[in-house]
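These figures come from a predicted structure and were not determined experimentally.
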Amino acid sequence: MAILAGPPPRPPFPSGRYTRSNPLRREAGLRLLTAALPEPLRRVIVTTWRRPSLFNGEQTPLAVQSGLRQRPGEAQLAQATFQTTCVFILTELEVTRRVLEAPLASISRMTRNTLLVAQGAYLRLLFAALVVQLGSIEAALAEFQRLIVGVG
């Protein structure tokens with residue numbers, strides 16, 4: 001019977017297996033994101049965000065920021081208080097996490113990669129501002145780790 005009916009129909013592309021998350025895609029995104037970061041900060045982000053996805057995209061569609069949005073520059077970060085810098089870091093970490101975990105069909109590969117590289121560069125700038133405010137890399141790294149765990 002099967003010979004007369006021909007081969008079974010192919011599943012629609014993309015298959016349901018990785019429409020929400022793909023481990024290799026996530027790993028590539030983490031590498032793009034952390035390429036510009038200092039090694040201790042890179043280690044913190046990669047080990048924290050290698051866990052299973054926080055968002056599955058089924059409850060509500062993820063809101064991903066535009067690559068052209070305005071962010072505070074170096075001069076504004078130099079004048080910001082410690083609490084304000086922490087709010088900036090939390091905001092950028094949340095945006096980064098959403099871009100990293102965006103479902104496959106919701107964002108193009110080129111847009112995702114561009115956003116992750118820009119996020120990595122801005123996270124480096126925020127980390128440098130935190131180092132200046134706290135006076136040591138170790139204290140800034142501990143604070144950054146506390147903030148990233150708060151995001152998920």
Side-chain angles (χ1 to χ4, degrees), residues 13-152:
F13 181 80
S15 69
R17 185 173 182 187
Y18 290 125
T19 54
R20 297 290 174 214
S21 173
N22 183 335
L24 294 177
R25 182 174 183 254
R26 173 185 275 245
E27 188 65 31
L30 282 172
R31 288 186 184 197
L32 279 173
L33 173 68
T34 59
L37 299 176
E39 182 58 36
L41 186 58
R42 180 181 307 152
R43 206 171 319 124
V44 167
I45 289 177
V46 168
T47 56
T48 304
W49 282 351
R50 272 194 178 150
R51 296 186 309 220
S53 176
L54 182 64
F55 308 106
N56 64 6
E58 291 179 1
Q59 292 87 1
T60 59
L62 293 176
V64 177
Q65 297 288 331
S66 167
L68 303 175
R69 69 188 177 94
Q70 293 183 346
R71 300 178 177 129
E74 288 183 54
Q76 291 171 321
L77 289 176
Q79 297 173 352
T81 64
F82 172 73
Q83 289 81 10
T84 305
T85 304
C86 288
V87 168
F88 290 153
I89 291 172
L90 279 172
T91 302
E92 294 302 321
L93 287 173
E94 180 68 30
V95 169
T96 304
R97 182 77 174 197
R98 287 175 179 263
V99 171
L100 188 66
E101 295 182 357
L104 186 62
S106 69
I107 188 171
S108 73
R109 182 185 314 182
M110 180 182 249
T111 303
R112 180 177 181 266
N113 292 349
T114 303
L115 288 172
L116 286 174
V117 169
Q119 287 298 121
Y122 195 66
L123 285 175
R124 180 181 183 146
L125 183 68
L126 288 171
F127 182 69
L130 197 60
V131 168
V132 169
Q133 288 175 352
L134 294 178
S136 75
I137 293 177
E138 292 81 19
L141 191 61
E143 183 63 27
F144 208 98
Q145 187 167 12
R146 183 186 70 80
L147 292 170
I148 198 169
V149 168
V151 171

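- The shortest distance between side-chain heavy atoms of R97 and L93 does not fall below 4.5 Å.
- A distance of 9.5 Å separates OG1 in T91 from CG in L126, rounded to the nearest 0.5 Å.
- Summarising the geometry, atom CZ belonging to F88 is positioned 12.0 Å from atom CZ belonging to R71; distances are rounded to the nearest 0.5 Å.
- Considering all non-hydrogen atoms of both residues, L116 and G29 come closest at CD1-CA, 3.5 Å.
- Taking 4.5 Å as the limit, some side-chain heavy atom of L33 sits within range of a side-chain heavy atom of L123.
- Looking at R25, its side chain never comes within 3.5 Å of a backbone N or O of R109 through a donor-acceptor pair.
- Without hydrogens or angle criteria, Q119 side chain to E92 main chain gives a donor-acceptor distance under 3.5 Å.
- Residues that satisfy the side-chain contact (heavy atoms from CB on, under 4.5 Å) test with L125, not counting sequence neighbours, are E74, L77, Y122.
- Listed by first then second residue, pairs satisfying side chain to side chain donor-acceptor pair (under 3.5 Å) with a partner in residues 31-43 read E39-R42, not counting sequence neighbours.
- In this structure, T48 contributes its side chain and I45 its backbone to no donor-acceptor pair below 3.5 Å.
- Taking all atoms of both residues into account, the shortest heavy-atom contact from T85 to Q133 is OG1-NE2, 2.8 Å.
- A donor-acceptor distance shorter than 3.5 angstrom exists from the side chain of Q76 to the backbone of G73, with no hydrogens or angles considered.
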Would you be so kind as to tabulate the donor-acceptor pairs closer than 3.5 Å made by side chains of residues 137-144, with sequence neighbours excluded?
unit_1, atom_1, unit_2, atom_2, d
E143, OE1, R146, NE, 3.4
E143, OE2, R146, NE, 3.1
E143, OE2, R146, NH2, 2.4

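- L115 contributes atom CG, which lies 11.5 Å from atom CG of L100 (distance to the nearest 0.5 angstrom).
- R124 approaches P38 most closely through the heavy-atom pair CG-CD, 4.4 Å.
- Using a 4.5 Å cut-off on side-chain heavy atoms (C-beta onward), L41 and Q145 make no contact.
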